[in-house]
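Only one structure is covered here, and it is reproduced in the block below.
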Amino acid sequence: MTRLIVRPPSPHLADGELTHLDRVPVDAALARRQWEDYVAVFRERGWTVSEAATADEHPDGVFVEDGVVVFDRLAVITRPGAPSRRGELDTLVPVVTGLGLDTAVIEAPATLDGGDVLTVGRTVYVGRSSRTNDAGVATLRELLAPRGWQVVAVPVTRVLHLKSGVTALPDGTVVGHPPLVDDPTVFERFLPVPEPEGNAVVVLDEDTVLMSASAPRTAGLFRTRGLEVLTTPVSELEKLEGCVTCLSVRLR
Ligand code: GLY
């Protein structure tokens, strides 16, 4: 099974939360076209797409990955660190439960954003960021340890989420732009990339990754490692501290 959960961007995307970037004008119509192109990449690769209901009153609602994280058959419903984002779950959770997954819920005072969760093999790196607190990390550890996952907390101060700074290639190599990474030594294998937008990859299969069109030199670097690299423009979503990873929840 390869399934993608997404939600179309709100026309009010420009009003979304910003933590490390300055607010700049956002072209909402272009954002919508970029989102459609992003989803089309997955459809063309045979993924089934589940769309959450529009939630235009939530400017950040397009970043669905922050609301749910899936481990095998367990979907962890998060409690986003930004109070403005918690209402997004009302229309996201029904999609998850409709897929028949087991669910667990992060409860107050814990907070967890899915963008802070990076899985590499059976290791789950969790960013201790401005959005994910110690209780969030501890709750995830309690849920996952009995299921055979090791949870490792990682400091995140330079970017919004852990995955705003690092993601992983299909072979488990963690990739990141060094100025955005607090401590690359926590990862078993770390590959520096030359562009800030180059840190975010979505693994489509063992040989293929999807990444932003904003990082052509990084795409070239990954190709020299034998990967097929697909790129798609997400400039309008990057203005809101989004990237190719947080635009979807992937179920494999
Ligand atoms: N704009 C994405 C977020 O701050 O959650």
Side-chain angles (χ1 to χ4, degrees), residues 1-14 16 25-56 58-70 75 88 91-92 94-96 98-99 101 114-115 118-119 161 163-164 167-170 175 193 195-223 225-252:
M1 175 183 70
T2 48
R3 180 181 294 273
L4 193 73
I5 302 174
V6 289
R7 183 199 327 262
S10 162
H12 310 298
L13 174 67
V26 173
D27 183 334
L30 178 57
R32 172 75 196 208
R33 291 198 297 277
Q34 291 181 339
W35 177 83
E36 287 170 357
D37 289 348
Y38 171 87
V39 176
V41 172
F42 290 87
R43 285 194 203 279
E44 284 160 16
R45 293 266 158 170
W47 290 55
T48 302
V49 177
S50 296
E51 214 172 287
T54 53
D56 289 350
H58 291 290
D60 285 311
V62 67
F63 304 123
V64 288
E65 187 187 53
D66 291 321
V68 59
V69 194
V70 180
E88 296 171 21
T91 42
L92 183 58
V95 179
V96 176
L99 295 174
L101 298 169
L118 172 65
T119 301
H161 290 130
K163 282 190 288 193
S164 314
T167 57
L169 298 178
V175 297
V193 303
E195 295 147 312
E197 297 85 0
N199 67 64
V201 300
V202 169
V203 174
L204 295 179
D205 59 45
E206 284 310 300
D207 304 308
T208 315
V209 295
L210 172 64
M211 59 182 292
S212 166
S214 305
R217 287 187 292 143
T218 306
L221 173 66
F222 294 159
R223 289 185 181 112
R225 295 173 64 95
L227 287 169
E228 181 184 5
V229 180
L230 308 182
T231 63
T232 196
V234 286
S235 60
E236 300 313 290
L237 301 139
E238 288 168 343
K239 291 175 181 174
L240 272 301
E241 297 181 276
C243 58
V244 289
T245 55
C246 59
L247 289 173
S248 61
V249 177
R250 280 85 54 195
L251 280 66
R252 302 161 201 280

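Sequence positions, counted from 1, serve as the residue numbers for this chain.
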T91 to A55 - nearest heavy-atom pair and separation: OG1-CB, 3.9 Å
Exercise: identify the closest heavy-atom pair between G198 and V193: C-CG2, 3.9 Å
Criterion side chain to side chain contact (heavy atoms under 4.5 Å, CB included) on V175 and F222, from CA distance to verdict: CA-CA 10 Å; V175 297; F222 294 159; 3.9 Å; yes
Side-chain heavy atoms of V201 within contact of L210, under 4.5 Å: no
From CA spacing to verdict: side chain to side chain contact (heavy atoms under 4.5 Å, CB included), V202, V209: CA-CA 5 Å; V202 169; V209 295; over 6 Å; no
Heavy-atom side-chain proximity of V203 to L169 below 4.5 angstrom: no
Sub-4.5 Å side-chain heavy-atom contact between P170 and L227: yes
Return all side-chain donor-acceptor pairs below 3.5 angstrom for residues 58-65, not counting sequence neighbours, or 'none' if the list is empty.
from, atom 1, to, atom 2, distance (Å)
D60, OD2, E17, N, 2.8
E65, OE2, K163, NZ, 2.8
E65, OE2, R250, NH2, 3.2

SG-CG distance between C243 and L237, expressed to the nearest 0.5 angstrom: 9.5 Å
Contacts of type side-chain contact (heavy atoms from CB on, under 4.5 Å), residue A213, not counting sequence neighbours: T231, P233
Passing candidate, side-chain hydrogen bond (donor to acceptor under 3.5 Å, both in side chains) with S212, options E195, E238, E197: E238
Where at least one partner belongs to residues 38-51, residue pairs that pass salt bridge (Lys or Arg N to Asp or Glu O under 4.0 Å), sequence neighbours excluded: R45-E228
Heavy-atom pair of closest approach, residues A52 and P8: O-CD, 3.9 Å
Any side-chain heavy-atom pair of S50 and L99 under 4.5 Å: yes
Any side-chain heavy-atom pair of L251 and I5 under 4.5 Å: yes
Close side-chain approach of M211 to V229, heavy-atom, < 4.5 Å: yes
T2 vs T48 side-chain heavy atoms within contact, under 4.5 Å: no
L204 side chain reached by W47 side chain, heavy atoms, under 4.5 Å: yes
For residues 25-38, run the donor-acceptor check on the side chains, cut-off 3.5 Å, and write out each pair with its distance to 0.1 Å, sequence neighbours left out.
from, atom 1, to, atom 2, distance (Å)
D27, OD1, A29, N, 3.1
D27, OD1, L30, N, 2.9
R32, NE, E36, OE2, 2.8
R32, NH2, E36, OE2, 3.3
Q34, OE1, S235, N, 3.2
Q34, OE1, E236, N, 3.0
Q34, NE2, S235, OG, 2.9
W35, NE1, R7, O, 3.2
Y38, OH, V244, O, 2.6
Y38, OH, S248, OG, 2.7

side-chain contact (heavy atoms from CB on, under 4.5 Å) partners of V68, counting only residues at least two apart: V70, A75, I77, L92, V96, V249
Any residue meeting side-chain contact (heavy atoms from CB on, under 4.5 Å) with S10, in chain and number order, not counting sequence neighbours: H12, D56
